[in-house]
Amino acid sequence: MTTPDPLLRFRPEFPILERTTYMISNSLGAMPRGVYDSVRQYCDTWATRGVRAWEEQWWMMAREVGDLIGAIMNAPSGSVSLQLNVTGCQAVVASCFDFSGKRNKVVYSDMNFPSVMYFWEAQRSRGARVHMVKTDDGIHVPTERLIDAIDEETLLVPISHVVFRSSYIKDVKAIVEKAHRVGAHVVLDAFQSLGNVPLDVQALDVDFAVGGVLKWLCGGPGTSYLYVRPDLGRKLEPKITGWFAHEHPFAFEIGPTKYGEPPFRFMQGTSNVPGFHTALPGLKIIREAGVDRIREKSKKMTARLIELADQRGWKVNAPRDPEQRGGTVAIDVPNSKEVCAELLRRDVLVDFRPKAGVRFSPHFYNTMEEIERALTTVDEILSQMRVVAGAR
Ligand SMILES: Cc1ncc(COP(=O)(O)O)c(C=O)c1O
């Protein structure tokens with residue numbers, strides 16, 4: 001007899017699970033049904049309270065939602081500001097530093113999410129000396145290689161906690177230790193980890209952590225988070241700034257800004273209030289479900305995916321060691337791109353990435369039966385493709 005799965009009690013909260021095999025939480029998490037009420041409440045507030053909504057609720061929401069996200073990564077209250085996207089978070093961090101001196105090196109890996117790379121590459125014209133550390137196997141970059149590249153001239157080290165392409169979990173502790181030994185700062189992209197893989201920003205002593213809510217945290221687009229280590233948060237002065245960051249925003253003072261306290265210190269202007277409303281229900285569910293429990297289940301589901309792929313002789317582009325693997329398993333099934341398109345047509349929601357294959361990303365709301373079903377659907381598609389090819 002198998003023990004009941006306590007996380008399945010959250011299943012009814014996600015309408016799309018009734019109609020699809022939803023295994024794409026690395027791209028967009030399933031929408032909690034509570035979002036309908038949350039967005040309605042936003043509309044009601046706007047409709048009935050009008051401009052008073054700012055003072056009564058909206059202004060402080062950025063801090064409340066930031067704290068809810070912060071609690072999931074053990075960040076102290078007030079240390080997480082909200083931004084529109086991760087790319088913008090990198091820009092805010094970059095704007096706190098000066099690249100004109102000798103310490104102007106940015107060390108990152110070619111396994112970072114491309115947008116993060118595009119951003120840092122573009123900073124070359126502003127004086128950043130960008131050093132890209134490369135992967136050999138398309139799954140990971142050896143920690144030693146990254147660490148060796150971080151030297152006394154390194155200013156910033158933007159890295160992913162979990163690599164989007166392969167789900168490899170980086171040894172953040174070792175990277176932060178080296179960075180701090182030589183006076184560099186680590187910008188941790190936790191988009192593919194937070195909500196699925198435990199993260200403790202204080203224990204790891206990371207300087208910055210960034211990510212968004214729309215994948216493993218089951219929120220909507222337009223709400224991203226920027227954690228700044230509190231001692232840095234009190235002294236850094238972002239040059240991408242605006243009236244929200246001012247010490248007295250409603251004094252509407254003329255002239256240079258006077259920076260206020262975090263989290264608003266790292267914000268710019270009017271915030272994405274409807275986005276906050278789409279984020280709240282998912283954050284509350286994740287808090288209730290508990291990331292440790294989610295992680296335990298995730299390891300079992302990804303292990304089963306690998307087992308099923310191995311049985312079929314398909315190449316797995318994910319770490320074999322469960323401790324080094326996040327929530328996604330990319331499988332290089334034959335004709336991955338076409339198979340993925342057909343899976344979508346059959347309501348098995350996954351995605352395809354070049355150099356990775358079909359990515360399966362189950363979350364706490366999935367069942368083990370769905371894992372089996374996803375792969376037997378691939379079997380069916382492949383055998384139908386063979387029949388069609390044979391008939392030609
Ligand atoms: C690790 C990682 N970072 C960043 C992004 C995207 O960043 P942005 O919020 O700028 O779209 C993604 C995926 O969408 C990602 O997987």
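In listed order, ligands and their atoms are each counted from 1.
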- Which of these, N26, L343, V358, sits in a side chain to side chain contact (heavy atoms under 4.5 Å, CB included) with D351?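 Result for side chain to side chain contact (heavy atoms under 4.5 Å, CB included) with D351: N26.
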
Considering only protein heavy atoms, which is closest to [atom], and at what distance to one decimal place?
atom                    : answer
atom 14 (O) of ligand 1 : K215 NZ, 3.0 Å
atom 16 (O) of ligand 1 : Q192 NE2, 2.9 Å
atom 15 (C) of ligand 1 : F113 CD1, 3.4 Å
atom 11 (O) of ligand 1 : N85 CB, 4.3 Å
atom 10 (O) of ligand 1 : T87 OG1, 2.4 Å

- In terms of the angle between their ring planes, are W59 and W243 parallel, tilted or perpendicular, with boundaries placed at 30° and 60°?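 Perpendicular, since the angle between the ring planes exceeds 60°.
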
- Taking the inter-plane angle between the rings of F250 and F252 on a 0 to 90° scale, is it parallel (under 30°), tilted (30 to 60°) or perpendicular (over 60°)?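 F250 and F252: perpendicular rings.
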
When the ring centroid of [X] is compared with that of [Y], is the distance short of 6.0 Å?
X    : Y    : result
F14  : Y365 : yes
W216 : F191 : no
F97  : H185 : yes

- Report yes if some N/O of S224 lies less than 3.5 Å from some N/O of ligand 1; otherwise report no.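 There is no such contact.
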
- Message: Counting only nitrogen or oxygen atoms and a 3.5 angstrom limit, does D189 reach ligand 1?
- Response: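 By distance alone, the answer is yes.
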
- Message: Distance under 4.0 Å to a non-hydrogen atom of F164: what atoms of ligand 1 satisfy this?
- Response: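 Taking each heavy atom of F164 in turn, ligand 1 has 16 (O) under 4.0 Å.
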
- Message: For a quick test of reading the model, state the closest non-hydrogen atom pair linking R359 to A330 and the distance between them.
- Response: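 Closest approach of R359 to A330: CG-CB, 4.0 Å.
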
- Mind checking whether V86 contacts ligand 1 via backbone (N, CA, C, O), side chain (CB onward), both or neither, at a 4.0 Å heavy-atom cut-off?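 Both of them.
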
